[in-house]
Q: 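My questions will all concern the structure given below.
Labels below follow one simple rule: chain letters A, B, ... track the order of the sequence lines, proteins then strands, and each chain is numbered from 1.
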Amino acid sequence: MSETAAEPKMAITVDFSGGLEMLFSNQRRHALSIPAHDKDGKPSNIAFLISHLCKTLMKDPRTDLFVLDDHIRPGILVLINDADWELEGEEAYEIQPGDNILFVSTLHGG
Amino acid sequence: MSETAAEPKMAITVDFSGGLEMLFSNQRRHALSIPAHDKDGKPSNIAFLISHLCKTLMKDPRTDLFVLDDHIRPGILVLINDADWELEGEEAYEIQPGDNILFVSTLHGG
Amino acid sequence: MTADTGAASAAPMKSNDRRLTYEEFERYSRQMIVPGMGKHGQLRLINSRILIIGAGGLGCPAAQYIAGAGVGTIGIVDGDTVEISNLHRQVGHATSRLGWKKVDSLIAHLKDINPLPNYIPHPFHLDPQNAADIITQYDLVMDCTDNPATRYLISDVCVLLRKPLVSAASVQKSGQLIVLNCPPAPQGLVDKKYPPCYRCCFKKPPPPSSMVSCGEAGIMGPVVGMMGVAQAGEAIKIIASALHLPPSSTNDLTAPIPERNLQQPTLLIYTYDLESAVGPYSFRALRMAGRRKNCFACGENSTLTLEGIKTGNPNYVTFCSPPTTDHAL
Amino acid sequence: MTADTGAASAAPMKSNDRRLTYEEFERYSRQMIVPGMGKHGQLRLINSRILIIGAGGLGCPAAQYIAGAGVGTIGIVDGDTVEISNLHRQVGHATSRLGWKKVDSLIAHLKDINPLPNYIPHPFHLDPQNAADIITQYDLVMDCTDNPATRYLISDVCVLLRKPLVSAASVQKSGQLIVLNCPPAPQGLVDKKYPPCYRCCFKKPPPPSSMVSCGEAGIMGPVVGMMGVAQAGEAIKIIASALHLPPSSTNDLTAPIPERNLQQPTLLIYTYDLESAVGPYSFRALRMAGRRKNCFACGENSTLTLEGIKTGNPNYVTFCSPPTTDHAL
Ligand SMILES: [Zn+2]
Ligand SMILES: [Zn+2]
């Protein structure tokens, strides 16, 4: 009981699209339980989620296809509940239980 | 205050699609506040909603394009939160606050 | 007709491990390298037979992509001729082919996109007398027709012959798409979550007074075009991934259906708005119920038979009592 | 070229109340009776000029419906020739036209769908030197290209020339569509909720190592086909309903934009799955931000000019440092 209280979790869904799913076990939707706070005790935000995904969910070794210099790589859009993260505060957005975070790779073919 | 308590309302959205919107002021989405109970005091269900829509929302006189013999006319699907009403109990489904009810006309052209 | 056209409902798995010809490889390379497709998926397409019923606004774009993808045998059913009012949306026809039978006009166009498939013209309307004889020659059916009576007929025959059915419809600014009867299960089996047929989803046709055809009500070209292309996409995935067949180790169509193939049936609806850009309500995916226990066609006590259909039972015309409609659409 | 091609960005409203010819009426009757279209919408299409950049997997289906709908002047830009590996998805070309310039092949096909429009071939790739001279001749631009450098170039020129842009892209089993710069607002104006340009939505191109073209990664025909048809649908509605223009009482492009035209910008994404039927996540409509204050192209302190673009500033090649890609797609 106290252990659960010490490490509260929250349930979210994380989606990958536009080819990014290939980096995450070829699975487009992941139901995750992530720590509610980062190791400094601050509410988990998108920046935390991105590094958390790299550490725990990504099996593919090509992390530079997802993250460059500790930030999401250019050419990937981040959507918070189907809205561009610019509308929500980008990396600083504090994730809420039940949120859906979508990472989608920009396409250029035709 | 007591009057509000006597006639509790609930907020829902009602959508029309496949041409049915033409019967409802050419508007596809209606945010409505409907009585929470019918006149017998029972929770409002889909059957109640249909007659309520005919009385209060439908301006077009051709009610038989929406209702026949007090039931939704053949060729109209009813979706409760994007699920076929058969999965939810059809006319007897008790509407919940925040529900989305979609009426969509079956198409045959090609 | 090809030699194997007569082989009725035999699963077309026989030569799925031959080598591709040089031309096949060149033509299909860009889709074969898509993950999940590969040479195996391509050979399934080449060895499959798809029937497109209706060579109009849905059938034209659908057929372009079915032919392009290399489906080996492509049948097209339509009794109409090409009219000038068709051409804004029926992009497989042409001004130089006005007055042609639509099946001949469309096949002429398709042969120039891809000469490799075997194209089979059925230059007449589908009716209760000819439906089973035609449908039995194919592995998958695409309903691109324009009237409810034919839609119920197609579905009933597909249930009895166990053919997967990709159905779409479109009028004015709306479109609908649904995959039915896939994977097909024997008529009357209702103990599992089998997929619905057209009647399971659309129990009764609308009264004639409320029905509109593309001729009477109009149709935007890109709306019906989207639905036709989407139909091709669904048909290609079903064949390429064998979503309609038992596990590939067996050709026994009564074998248990793999879990992955028993998906939540989804009705896709597309709403086009002339006054605003594509938005959150342009596409909606609606969850439909599975096979209905008391379905007239596929349900527990169904008395529907191929013999009955041929001899006028049920009567599709009185069931739908269609309006006098401009059939040439 | 028609007489009014030289009239640069003059609004094409002049003859929007003439009578339709008998052939126009016959051809377009089925779309004219759609509520909201009518004779007025049809005449706007007939009097409009649309530029389709790219005659490949997006451009072919897009052009079929643009031509069918009766857009009066249709320009097509592409420097490539038709190859056999194109034909599974580029359904406006044909085996009998292998080796032709794509613009000529596609226009031959379109002329047979509808001989009435004025078709203008631009048989070379768009580049910083020719982009403005071509784009200025049209009312609306459709980006059907296959590489990021050209996408940024097209958007930049559309911002400067105030042309609405319907942009789509597709690779493997994914597609994207967005309407940009519509209605166009003067560069640097950021005080209202003006619509974004391509750079507002996609600030930086991906590093070359992560980019894939249709040639390298493959593409399913119906996926790119859906996006091309959807592009035609968006372009037709913009022109027919004049969503890109100030109120019809004025031709002043700096007049306030009507509220109805300032919509939430939406990026539509389409995900095709070879293993399962169309479902709830096949289409998603994503809410995008509006014009960005600090956008390089349309933002407050933008230094982007047509002169600059022509003389190599910005340098699109180094900005995108594209991989050595099979351009012929
Ligand atoms: Zn059934
Ligand atoms: Zn911008």
Q: Which atoms of C/Met37 are under 4.5 Å from chain D, going by heavy atoms: the side chain, the backbone, both sets, or neither?
A: both
Q: Within the distance-only criterion (no hydrogens, no angle test), does the side chain of C/Gln64 pair as donor or acceptor with the backbone N or O of D/His88 below 3.5 angstrom?
A: no
Q: Is a side-chain donor or acceptor of C/Glu234 paired with a backbone partner of D/Val278 at a separation under 3.5 angstrom?
A: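 Present.
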Q: Looking at D/Gln31 and C/Gly218, would you say the former's side chain and the latter's main chain have a donor-acceptor pair under 3.5 Å?
A: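 It does not hold such a pair.
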Q: With chain C as the partner chain, list the residues of residues 21-29 of chain D whose heavy atoms fall under 4.5 Å from it, by residue number, and write 'none' if nothing qualifies.
A: D/Glu23, D/Glu26, D/Arg27, D/Ser29
Q: So does D/Lys193 have more than 12 non-hydrogen atoms from other groups sitting under 6.0 Å from NZ?
A: no
Q: Where is the tightest heavy-atom contact between C/Thr95 and D/Asn114, given as atom of each residue plus distance?
A: OG1-N, 4.2 Å
Q: Mind listing the closest non-hydrogen atom pair of D/Val229 and C/Pro222 along with its distance?
A: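 So the minimum-distance heavy-atom pair works out to CG1-O, 3.4 Å.
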Q: Return the NZ to NZ distance between D/Lys237 and C/Lys173, rounded to the nearest 0.5 Å.
A: 10.0 Å
Q: Please examine the side chains of C/Tyr272 and D/Ile236, heavy atoms only from C-beta on, and report whether any two atoms are closer than 4.5 Å.
A: yes
Q: What's the shortest heavy-atom distance between C/Pro35 and D/Leu274, and which atoms?
A: O-CD1, 3.7 Å
Q: Any idea which heavy atoms bring C/Pro280 and D/Thr266 closest together, and the distance?
A: CD-OG1, 4.5 Å
Q: Show the nearest heavy-atom pair for residues D/Tyr65 and C/Pro61, with the distance to one decimal.
A: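 Answer, listing the atom of D/Tyr65 first, then C/Pro61: OH-CG, 3.4 Å.
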Q: What distance separates C/Gln90 CD from D/Ile113 CD1, expressed to the nearest 0.5 Å?
A: 11.0 Å
Q: Looking at every non-hydrogen atom in both residues, tell me the closest pair between C/Asp112 and D/Arg97 and how far apart they are.
A: OD2-NH1, 4.3 Å
Q: Just wondering, more than 12 heavy atoms not from C/Lys111 lying within 6.0 Å of its NZ?
A: no
Q: Mind ranking D/Ser282, D/Ala69, D/Gly279 by heavy-atom pairs under 4.5 Å with chain C and telling me who comes out on top?
A: D/Gly279
Q: Check salt bridge (charged side-chain N to carboxylate O under 4.0 Å, His left out) between C/Arg284 and all other residues, then give those that pass, not counting sequence neighbours.
A: B/Asp15, B/Asp82
Q: Below 4.5 Å, heavy-atom pairs only: which of D/Ala62, D/Ala277, D/Gly228, D/Ala230 has the largest tally toward chain C?
A: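 Among D/Ala62, D/Ala277, D/Gly228, D/Ala230, the one with the most close pairs to chain C is D/Ala277.
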Q: I'd like to check C/His109 versus D/His109 (side-chain heavy atoms, cut-off strictly below 4.5 Å). Are they in contact?
A: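 A side-chain contact exists here, since the closest heavy-atom pair is under 4.5 Å.
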Q: Return the option, out of D/Ala232, D/Pro265, D/Ser96, D/Cys182, with the maximum number of heavy-atom pairs under 4.5 Å with chain C.
A: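 Top option by heavy-atom pairs under 4.5 Å: D/Ser96.
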Q: What's the spacing between D/Met226 CE and C/Met226 CE if we round to 0.5 Å?
A: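 The CE atom of D/Met226 sits 4.0 Å away from the CE atom of C/Met226.
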Q: Do you know which of C/Pro115, C/Gly92, C/Ala94, C/Ala240 has the most heavy-atom pairs under 4.5 Å to chain D?
A: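 Highest number of heavy-atom pairs under 4.5 Å: C/Ala94.
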Q: Can you tell me which of D/Ala67, D/Gly68, D/Gly36, D/Gly41 forms the most heavy-atom pairs within a distance under 4.5 Å of chain C?
A: D/Gly68
